[in-house]
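A short worksheet on the structure shown next.
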Amino acid sequence: MVQKKLDNSYYLADDVVALAKDLVGKELHVKTDLGHRSGIIVETEAYSYLERGCHAFDNKLTARTEPLFMTGGIAYVYLCYGIHHLFNIVTNIEDKAEAVLIRAIQPNLGFDPEELKPSSRITSGPGKLSKALGIGLNHNKISLTEDTIWLTEPVGNSMDVVASKRIGIDYAGEDANLLWRFTAKNSPWVSKKM
DNA sequence: ATTAAGATGCGCT
DNA sequence: GCGCATCTTAATA
């Protein structure tokens, strides 16, 4: 069975919220020292320069947010709380800073049997999934059309997706109430907090 | 130069 | 369920 890599034009859509929803159910592949690992995306969040939750709100360009302003289809990895690597997919065209944060996946290829149990919670959280897949700062800005990190269409049929409020961005004021978080319905792999 | 705060996760109760 | 570790970033709190 051949899994087709998503074309780069997929990431250039102007509607980051619709894209975040569509990404739930896609399969994420990563090749690192840990080998080739993959998982089904079950939780995402949308971020846009139009709202305060985003690092690049009001087109704030810094050394850290630079990748967000680049053409869609690249990875944006940064360190949060000095400990956790958070993996985002940059979307939209150049200078329109938008991204989708991958918050949780369901392990598929390259994991130990123990880790494939939902109770392991090995990938249920943005920091944990990056660690489990071996994603680090060295993956920042790499293109998703290369054979390091890429997405494929899901093998099975589409999943039911539920919208909810984003997590951990109370400082964003009104924008914190946006229903820009998308989770796979009934999946045991989504991060628990609501 | 200094420091407050953060798109979190862990360990303990 | 709650508190804290831990360190980079960006504002100067």
Side-chain angles (χ1 to χ4, degrees), chain A residues 11 15-24 26 28 30 39 41-70 72 74-92 96-107 111 114-115 117-142 144 149 161-184 187-194:
Chain A
Y11 304 104
D15 187 346
V16 68
V17 179
L19 197 57
K21 183 176 181 181
D22 194 65
L23 279 170
V24 176
K26 296 282 188 288
L28 171 68
V30 182
I41 297 172
V42 294
E43 182 174 352
T44 64
E45 283 181 9
Y47 286 89
S48 165
Y49 63 99
L50 298 171
E51 48 83 24
R52 302 198 72 87
C54 185
H55 289 154
F57 169 68
D58 201 26
N59 288 322
K60 183 165 50 183
L61 176 60
T62 66
R64 182 178 61 158
T65 63
E66 185 193 348
L68 290 170
F69 292 88
M70 298 170 70
I74 62 170
Y76 169 42
V77 183
Y78 84 99
L79 198 56
C80 182
Y81 293 106
I83 311 172
H84 310 291
H85 297 293
L86 272 59
F87 170 63
N88 303 247
I89 296 174
V90 177
T91 69
N92 217 323
K96 285 203 170 188
E98 296 188 326
V100 177
L101 168 67
I102 307 302
R103 291 189 52 87
I105 64 171
Q106 174 180 339
F111 287 92
E114 271 304 305
E115 297 171 328
K117 297 181 189 169
S119 58
S120 75
R121 297 179 43 117
I122 186 76
T123 52
S124 59
K128 296 166 82 174
L129 88 84
S130 298
K131 187 180 178 191
L133 292 174
I135 295 175
L137 290 175
N138 53 321
H139 293 106
N140 200 20
K141 296 190 201 179
I142 69 167
L144 301 188
I149 302 180
V161 179
V162 185
S164 58
K165 293 200 291 188
R166 290 178 295 174
I167 290 182
I169 54 166
D170 297 339
Y171 63 87
E174 292 284 310
D175 295 325
N177 294 319
L178 293 168
L179 298 178
W180 282 13
R181 175 180 177 236
F182 300 98
T183 54
S187 171
W189 291 101
V190 302
S191 63
K192 178 102 173 134
K193 266 199 269 179
M194 286 303 272

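Below, chain A is the first sequence line, B the second, and so on; all start at residue 1. Bear in mind that the values here come from a model prediction, so they are computed numbers and not experimental data.
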* **C:dT9 versus C:dA13 - spacing of their C1' atoms, nearest Å** =>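 Pairwise C1' distance, C:dT9 against C:dA13, rounds to 15 Å.
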
* Asked: Can you tell me how far P in C:dC7 sits from the matching atom in C:dG3, rounded to whole Å?
  ->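 These two P atoms come out 23 Å apart once rounded.
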
* Asked: Quick one: ring pair (Phe, Tyr, Trp, His ring centres under 6.0 Å) partners of A:His55, sequence neighbours excluded?
  ->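 Expected list: A:Tyr78.
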
* Structure fact -> Applying ring pair (Phe, Tyr, Trp, His ring centres under 6.0 Å) to A:Tyr11 and not counting sequence neighbours gives none

* Does A:Leu68 offer a backbone N or O that forms a donor-acceptor pair with the side chain of A:Thr65 under 3.5 Å? ->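 Not confirmed, A:Thr65 side chain does not pair with A:Leu68 backbone.
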
Among all residues two or more places apart in sequence or in another chain, which pass the salt bridge (Lys or Arg N to Asp or Glu O under 4.0 Å) test with [X]?
X        : answer
A:Glu66  : A:Lys141
A:Glu45  : A:Arg103
A:Lys60  : none
A:Asp175 : none

* **Touch class at under 4.0 angstrom, heavy-atom based, for A:Leu101 against every strand present** => base

* Under a 4.0 Å heavy-atom cut-off, which of residues 121-136 of chain A touch DNA chain B? ->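 Only A:Gly125, A:Pro126, A:Gly127, A:Lys128 qualify.
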
* Residue list, side chain to side chain donor-acceptor pair (under 3.5 Å) with A:Ser120, at least two apart or on another chain -> none

Nucleotide N/O to protein N/O under 3.5 Å, stretch nucleotides 1-6 of chain C:
unit_1	atom_1	unit_2	atom_2	d
C:dT6	O2	A:Tyr81	O	3.2

Quick one: which protein N/O atoms are closer than 3.5 Å to N/O atoms of nucleotides 10-13 of chain C? Pair and distance per line, please.
unit_1	atom_1	unit_2	atom_2	d
C:dA10	OP1	A:Thr62	OG1	2.4

* Which pairs with one or both residues in residues 119-133 of chain A pass salt bridge (charged side-chain N to carboxylate O under 4.0 Å, His left out), sequence neighbours excluded? ->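 Every candidate salt bridge (charged side-chain N to carboxylate O under 4.0 Å, His left out) pair involving residues 119-133 of chain A fails, so no pair, neighbours aside, qualifies.
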
* Asked: Does DNA chain C take part in any stems of at least 3 consecutive Watson-Crick or G-U pairs (both distances under 3.5 Å), and if so, which ones?
  -> B:1-6 with C:7-12, B:8-12 with C:1-5

* Do A:Ser191 and A:Glu43 have side-chain N/O donor and acceptor atoms under 3.5 Å apart? -> yes

